[in-house]
Amino acid sequence: MPLLDSRPELELVVWAEDRACDRTWLLENIPGATGVIVMLTDKVDSELLDIAGPSLRVVSTMSVGYDHIDLKAAAQRALKVGYTPDVLTDAGESEHILTASFSRTFCVVSDLSVLLALMAGRNGGVGASLVQNGEWPNFSWAPFGLCGPQLSTTKISPTRKIGFLGFGRIAQATLARLVPFGITHCLYSSNPTSLPNLQRDAELAQKHNLKAVKKVDLDELARESDVLFVLAPGGSGTYHVVNEELLRKMKKTGILVNASRGTLVDSDALAKALKEGWIWGAGLDVVEGEPNVTRDHPLVKEPRCVILPHIASATLETRKDMATCAAQNVIAGVLGGEMPAEVDLSPFCCSRLQN
């Protein structure tokens, strides 16, 4: 707030509670606004934009994703849309070209991705439940009780192949964090229309002392990965890319981690894979349909599925950084400056002109 309070030319109307803004309050207060800062929970649709009226110039969301914003409706009204990006993607890896020249949250997403891999592989969810439910005193120790596949290499198991579905900066930051575990191979799959970046892959392999960094098809990615990290953009092109067919090809000791978008993974197929033992476990920070994930959800019922409530960016440092970026975006959009991170709406503008 200090960044906004320090601008006397701006009149602020603030939702003062530390929780998601009520839709009714937003609709009552947005008429006549020049700019608005929203959260992931705020649906920016034609209704909201019509009520805001022609004075609105910019919508700034304090989030990496912008699925909650109707970009076509924004483009039709010549609005600017700002966001707080976590990853630079080229046109071949994203539905929309992003004009941001920096990243902010990919480090913490990578941190959490490694945490989920460890929790899922080492039965962290099952073990924590034993203690929290008071069942530890009655738990009978056994030589292989609560054992799971080890992420790090050993003398008798010297090879670890890590797979990435999507290989942008979050994936590459995750790769760097996994190097001390002794991983030997990095496999990845990205947009099938984009060519492999052989020079970059060779440089990464040399930098991290890996035997290979290689782009592969989805079949090989599923078949060879000891841990498969899903770190690709959402959208229609990646909807349920992790489906029953892919999961059946994974190793029985394989771990699936999703810290990108819930829509990339078919929840029913994953629950079936865990129940029937096609894979060992899963670690999820996102689930399709969230936050409506209750005790009777098929994935919640699976002991080897560790689910966190979409907290990848939830560090004090990152949220402050995101809030600062969102404020800078709205100030620039209102006063006619260059926004630090703006979504390119030109594809929607072109579509409107053609129609």
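All heavy atoms count here, side chains included; hydrogens, waters and symmetry mates do not. Every value quoted in this text rests on a predicted model; they were computed, and no experiment measured them.
Side-chain contact of Thr24 with Asp22: a donor-acceptor pair under 3.5 Å is absent, judged by distance alone.
Side-chain contact check for Lys251 versus Ser225: every heavy-atom pair is 4.5 Å or farther apart. Side chains of Met339 and Val81 form no contact here, defined as non-hydrogen atoms less than 4.5 Å apart. Cys186 has its side chain out of reach of His208: every pair of non-hydrogen atoms, C-beta onward, lies at least 4.5 Å apart. Between Met322 and Thr318, some side-chain heavy-atom pair lies under the 4.5 Å cut-off. Between Ile170 and Phe229 there is no side-chain heavy-atom pair separated by less than 4.5 Å.
Residues Leu270 and Leu228 are members of one and the same hydrophobic cluster, defined by side-chain heavy-atom contacts under 4.5 angstrom among Ile, Leu, Val, Met, Phe, Trp and Tyr. Cluster membership check: Leu210 shares its hydrophobic cluster with Val114, using side-chain heavy-atom separations under 4.5 Å among Ile, Leu, Val, Met, Phe, Trp and Tyr. Val126 and Leu118 sit in two unconnected hydrophobic clusters of ILVMFWY residues. Membership requires side-chain heavy atoms under 4.5 Å apart, directly or through other members. A continuous path of ILVMFWY side-chain contacts below 4.5 Å connects Val230 to Ile279, so both sit in one hydrophobic cluster. At a threshold of 4.5 Å between side-chain heavy atoms, the hydrophobic network of Ile, Leu, Val, Met, Phe, Trp and Tyr places Leu146 and Met119 in two separate groups.
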* To do: Walk me through it: do Leu231 and Ser113 pass the test side-chain contact (heavy atoms from CB on, under 4.5 Å)?
  => CA-CA 9 Å; Leu231 294 169; Ser113 295; 4.0 Å; yes
* Assess whether side-chain contact (heavy atoms from CB on, under 4.5 Å) is satisfied between Leu246 and Leu221, documenting all intermediate values. => CA-CA 9 Å; Leu246 185 145; Leu221 187 72; 5.9 Å; no
* To do: Assess whether side-chain contact (heavy atoms from CB on, under 4.5 Å) is satisfied between Gln172 and Tyr188, documenting all intermediate values.
  => CA-CA 10 Å; Gln172 292 175 45; Tyr188 69 91; over 6 Å; no
* Evaluate the side-chain contact (heavy atoms from CB on, under 4.5 Å) criterion for residues Ile255 and Val257: first the C-alpha distance (whole Å), next the side-chain angles of each, then the deciding distance (0.1 Å), finally the verdict. => CA-CA 7 Å; Ile255 303 295; Val257 173; 4.1 Å; yes
* In sequence, state the C-alpha distance, the side-chain angles, and the governing distance for Asp111 and Arg177, and then conclude on salt bridge (charged side-chain N to carboxylate O under 4.0 Å, His left out). => CA-CA 8 Å; Asp111 292 347; Arg177 283 156 174 72; 2.5 Å; yes
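If you take NE2 on His240 and OG on Ser267, they are separated by 6.5 Å, rounding to the nearest 0.5 Å. Atom CG of Leu71 is separated from atom CZ of Phe348 by 4.5 Å, given to the nearest 0.5 angstrom. Asn29 contributes atom CG, which lies 11.5 Å from atom CD1 of Ile51 (distance to the nearest 0.5 angstrom). Note that the CG atom of Asp285 and the CG atom of Leu112 stand 5.0 Å from one another [nearest 0.5 Å]. Between atom CH2 of residue Trp278 and atom CG of residue Leu247 there is a gap of 6.5 Å, rounded to the nearest 0.5 Å. A distance of 9.5 Å separates CZ in Arg77 from CG in Leu56, rounded to the nearest 0.5 Å.
Residues meeting the side-chain contact (heavy atoms from CB on, under 4.5 Å) test with Glu290, sequence neighbours left out: Val286, Val293, His310. Shown here are the side chain to side chain donor-acceptor pair (under 3.5 Å) partners of Asn123, two or more places apart in sequence or in another chain: there are none. By the salt bridge (charged side-chain N to carboxylate O under 4.0 Å, His left out) test, Arg261 pairs with Asp67, sequence neighbours left out. Residues satisfying the salt bridge (charged side-chain N to carboxylate O under 4.0 Å, His left out) test with Glu17, not counting sequence neighbours, are Arg19. Glu28 meets the side chain to side chain donor-acceptor pair (under 3.5 Å) test with no other residue; sequence neighbours excluded. Every residue two or more places apart in sequence or in another chain that forms a salt bridge (charged side-chain N to carboxylate O under 4.0 Å, His left out) with Lys272 is listed here: Glu244. Asp217 meets the side chain to side chain donor-acceptor pair (under 3.5 Å) test with no other residue; sequence neighbours excluded. For the side-chain contact (heavy atoms from CB on, under 4.5 Å) test, residues two or more places apart in sequence or in another chain that qualify with Gln132 are Ala128. The salt bridge (charged side-chain N to carboxylate O under 4.0 Å, His left out) search around Glu245 returns Lys249, not counting sequence neighbours. Partners of Ile331 according to the side-chain contact (heavy atoms from CB on, under 4.5 Å) rule, which considers only residues two or more places apart in sequence or in another chain, are Leu3, Leu4, Arg7, Leu10, Leu335. Qualifying side-chain contact (heavy atoms from CB on, under 4.5 Å) partners for Asn292, counting only residues two or more places apart in sequence or in other chains: none.
Counting only distance, with no hydrogens or angles, the side chain of Arg57 and the backbone of Val334 share a donor-acceptor pair below 3.5 Å. Side-chain N or O atoms of Arg160 include one that pairs as donor or acceptor with a backbone N or O of Gln150 at under 3.5 Å. The main-chain N or O of Glu317 is never found under 3.5 Å from a side-chain atom of Asp321 such that the two would form a donor-acceptor pair. Looking at His297, its side chain does come within 3.5 Å of a backbone N or O of Leu299 through a donor-acceptor pair. Judged by distance alone, with hydrogens and angles left aside, the side-chain atoms of Ser189 form no donor-acceptor pair with the main-chain N or O of Leu165 at under 3.5 Å. A side-chain donor-acceptor contact under 3.5 Å links Ser60 to the backbone of Ala326. Under a 3.5 Å cut-off, the side chain of Thr263 and the backbone N or O of Tyr239 do not form any donor-acceptor pair. A donor-acceptor contact shorter than 3.5 Å is absent between the side chain of Thr238 and the backbone of Val241. Looking only at distances, no side-chain donor or acceptor of Asp226 sits under 3.5 Å from a matching main-chain atom of Leu151.
Shown here is Lys214, whose NZ atom has no more than 12 heavy atoms of other residues, nucleotides or ligands within 6.0 Å. Annotation for Lys80: atom NZ does not count as buried by contact number, only 12 or fewer foreign heavy atoms lying within 6.0 Å. No more than 12 heavy atoms of other residues, nucleotides or ligands lie within 6.0 Å of CD in Gln199, so this atom counts as exposed by the packing criterion. Counting non-hydrogen atoms of other residues, nucleotides and ligands closer than 6.0 Å to CD of Glu11 gives a total of 12 or fewer. Enclosure of atom CD in Glu135 by more than 12 non-hydrogen atoms of other residues, nucleotides or ligands within 6.0 angstrom is indicated. Residue Asn209 qualifies as open at atom CG: its count of foreign heavy atoms under 6.0 Å is 12 or below.
Listed here is the closest heavy atom pair of Ile183 and Leu175: CD1-CD1, 3.5 Å.
The aromatic rings of Trp15 and Trp25 stand perpendicular to each other, their planes meeting at an angle above 60°, with 30° marking the opposite boundary.
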Identify all side-chain donor-acceptor contacts of residues 30-46 below 3.5 Å with residues at least two apart in sequence or on another chain.
unit_1 : atom_1 : unit_2 : atom_2 : d
Asp42  : OD2    : Met39  : N      : 2.8
Asp45  : OD1    : Arg23  : NH2    : 2.9
Asp45  : OD1    : Glu47  : N      : 3.4
Asp45  : OD1    : Leu48  : N      : 3.1
Asp45  : OD2    : Arg23  : NH2    : 3.3

